[in-house]
Amino acid sequence: MIHPDTELRFVSPEIGHGVFATRRIPKGTITWGLCHLDHVLSPARRLELPPCYAGVISAFAYLTAQGDAVLCWDIGRYVNHSCSPSSLSLNDELDIAVRDILPGEQLTDDYGMLNLPHVLQCRCGAPGCRREVRADDHLRMGAEWEVQVREAFALASRVPQPVLPYLKNASQLLDMLEGRADVPSPLAYCVPPAAGVGPAPA
Amino acid sequence: MIHPDTVLQFISPEIGYGVFATRPIPQGTITWAHDPLDQILTPDQVRGMPEIYEEPLARYTYRTPEGDHILLWDLARFMNHSCSPNCMATHYGFEVAVRDIPQGGELTVDYATLYMTPEESFDCYCRAAECRWKISADDAEKLADEWAGRIQTGLLRIGEVDQPLLHLLRDGCLQRACGDHGVPYQLPLRRLF
């Protein structure tokens with residue numbers, strides 16, 4: 001479930017749609033979390049689907065370290081990539097705002113954390129754009145991501161968390177918020193494609 | 001799955017989004033077909049969700065006579081109601097365009113055809129000349145003949161137009177829909193894809 005203070009907007013014919021904040025979303029807010037309505041498609045389930053879905057899954061779903069493709073049920077599936085994103089993955093079921101997101105600003109993720117089955121050519125225009133986004137970016141970026149995620153999570157218990165009641169696995173976040181579980185390292189949920197996340201979609 | 005020549009557009013804060021044609025979609029085109037990514041949420045699954053899900057379920061799902069909630073996975077869930085809709089739902093998991101939809105035209109459906117329950121009645125402001133103002137579960141009985149006639153006008157053209165969604169229809173659905181509405185069904189369709 002995407003944060004409620006967001007809306008879908010058309011960006012451009014090349015980019016398509018994007019998700020924009022309608023109000024300020026403070027750093028440390030969970031901006032998206034896996035909910036009961038999201039599609040979790042196992043590799044076996046994907047093989048059963050008619051071929052016309054390969055494009056949909058490639059464009060709109062992300063892969064977990066276990067190889068499941070997650071297709072968000074709502075506008076969460078339209079969150080674009082940026083090499084200087086507003087949110088990062090906290091684990092493979094949660095995204096967290098790593099800076100304050102202002103009204104009208106686009107919510108973005110780093111697709112390098114989403115186990116991409118193929119190399120993505122990036123033209124995000126952000127300072128420090130990597131030009132290519134790859135499943136093994138965590139080998140170079142992991143330490144920096146971890147710092148940003150931990151810094152943002154330190155604020156998480158002090159900001160409103162409207163996504164929390166929708167989470168499929170709310171106890172996992174509560175455990176982290178209340179100090180019973182540690183914030184995972186990005187290395188725990190990023191695996192390079194060679195480790196077997198499944199075939200690249202056509 | 002919604003017809004590929006469609007796009008989501010914001011209409012207004014009151015109405016929200018709607019689905020619009022990016023190219024002309026002629027009468028007789030299958031505009032939507034139930035597909036494997038549409039979620040069928042059983043009453044047990046729905047009961048297992050926190051109460052806060054009531055709002056998104058009410059807004060984005062429709063209910064079958066068996067009590068399942070159907071959550072369409074794609075833009076189709078944003079199709080708005082009209083009392084003079086250009087798409088009509090059949091009983092066989094697909095919708096058909098019952099008149100030509102111009103490029104830029106909104107695809108609409110009559111929500112009363114989607115198995116409404118009495119609690120789901122709503123006031124309509126669709127502005128169609130034939131607007132019923134109050135849409136309720138009883139409409140299905142009152143309007144059955146009129147709806148059947150509209151579906152027939154769509155099905156009569158089904159073999160004459162491009163059908164990009166035909167591959168999603170389950171075996172025999174089209175034949176049975178044509179049979180129900182007294183439309184001769186001839187294979188092969190002139191232009192399948």
Side-chain angles (χ1 to χ4, degrees), chain A residues 1-4 6-13 15-20 22 33-42 44-61 69-78 161-171 173-174, chain B residues 1-4 6-13 15-20 22 30 33-61 68-78 163-171 193:
Chain A
M1 184 77 70
I2 194 80
H3 192 288
T6 57
E7 65 181 19
L8 189 68
R9 286 193 201 163
F10 186 72
V11 180
S12 70
I15 293 174
H17 289 85
V19 176
F20 291 77
T22 54
L34 187 74
C35 77
H36 292 277
L37 300 179
D38 292 317
H39 303 253
V40 179
L41 304 166
S42 66
R45 175 83 207 287
R46 298 207 294 283
L47 287 173
E48 289 165 13
L49 290 173
C52 59
Y53 295 97
V56 169
I57 291 171
S58 165
F60 293 115
V70 178
L71 175 63
C72 300
W73 82 279
D74 61 2
I75 62 171
R77 68 174 75 149
Y78 293 100
Q161 297 292 2
V163 174
L164 179 63
Y166 291 99
L167 295 179
K168 195 170 183 179
N169 197 355
S171 61
L173 178 61
L174 285 170
Chain B
M1 181 184 286
I2 195 84
H3 191 285
T6 56
V7 68
L8 190 66
Q9 271 179 32
F10 186 73
I11 300 175
S12 70
I15 298 177
Y17 293 90
V19 178
F20 291 79
T22 55
I30 295 166
H34 183 54
D35 81 22
L37 283 185
D38 293 329
Q39 298 191 64
I40 300 167
L41 305 166
T42 62
D44 276 350
Q45 280 175 295
V46 169
R47 271 193 293 274
M49 294 179 193
E51 233 170 82
I52 201 165
Y53 279 84
E54 260 177 42
E55 195 274 334
L57 288 172
R59 184 183 289 265
Y60 292 113
T61 66
D68 293 329
H69 284 75
I70 310 291
L71 176 58
L72 305 182
W73 73 275
D74 64 355
L75 305 188
R77 75 167 81 123
F78 293 100
Q163 297 291 4
L165 300 184
L166 193 67
H167 66 289
L168 291 170
L169 265 52
R170 282 185 296 253
D171 284 348
F193 297 102

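Everything quoted here is computed from the prediction, not taken from an experiment. Protein chains get the first letters and strands the later ones, always in sequence-line order, with residue 1 at the start of each.
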Below 4.5 Å, heavy atoms only, C-beta onward: do A:Pro165 and B:Glu51 meet side chain to side chain?
no
Which atom names give the shortest non-hydrogen contact between B:Tyr17 and A:Leu8, and what distance separates them?
OH-O, 2.8 Å
Assess, by modelled atom type and distance only, whether the side chains of A:Tyr53 and B:Asp35 contain a donor and an acceptor separated by less than 3.5 Å.
yes
Tell me, for B:Leu37 versus chain A, whether the close heavy atoms (under 4.5 Å) come from the side chain, the backbone, both or neither.
both
Restricting to non-hydrogen atoms, name the atom on A:His17 and the atom on B:Val7 that form the minimum distance, rounded to 0.1 Å.
CE1-CG2, 4.4 Å
So how far is it from B:Tyr53 OH to A:Met1 CE, rounded to the nearest 0.5 Å?
4.5 Å
Could you tell me which residues satisfy salt bridge (charged side-chain N to carboxylate O under 4.0 Å, His left out) with A:Arg9, sequence neighbours excluded, listed by chain and number?
A:Glu7
Measure across B:Pro36 and A:Arg45 and return the closest heavy-atom pair with its distance rounded to 0.1 Å.
O-NH2, 2.7 Å
Whatever's closer than 4.5 Å to a heavy atom in chain A on B:Leu168 counts as side chain
Show me the side-chain donor-acceptor pairs of residues 33-40 of chain A shorter than 3.5 Å, one per line, residues at least two apart or across chains.
{"from": "A:Asp38", "atom 1": "OD1", "to": "A:Trp73", "atom 2": "N", "distance (Å)": "2.9"}
{"from": "A:Asp38", "atom 1": "OD2", "to": "A:Cys35", "atom 2": "N", "distance (Å)": "2.8"}
{"from": "A:His39", "atom 1": "NE2", "to": "B:Gln39", "atom 2": "NE2", "distance (Å)": "3.3"}

Can you say whether B:Ile52 sits under 4.5 Å from chain A via the side chain, the backbone, both, or neither, judging by heavy atoms?
both
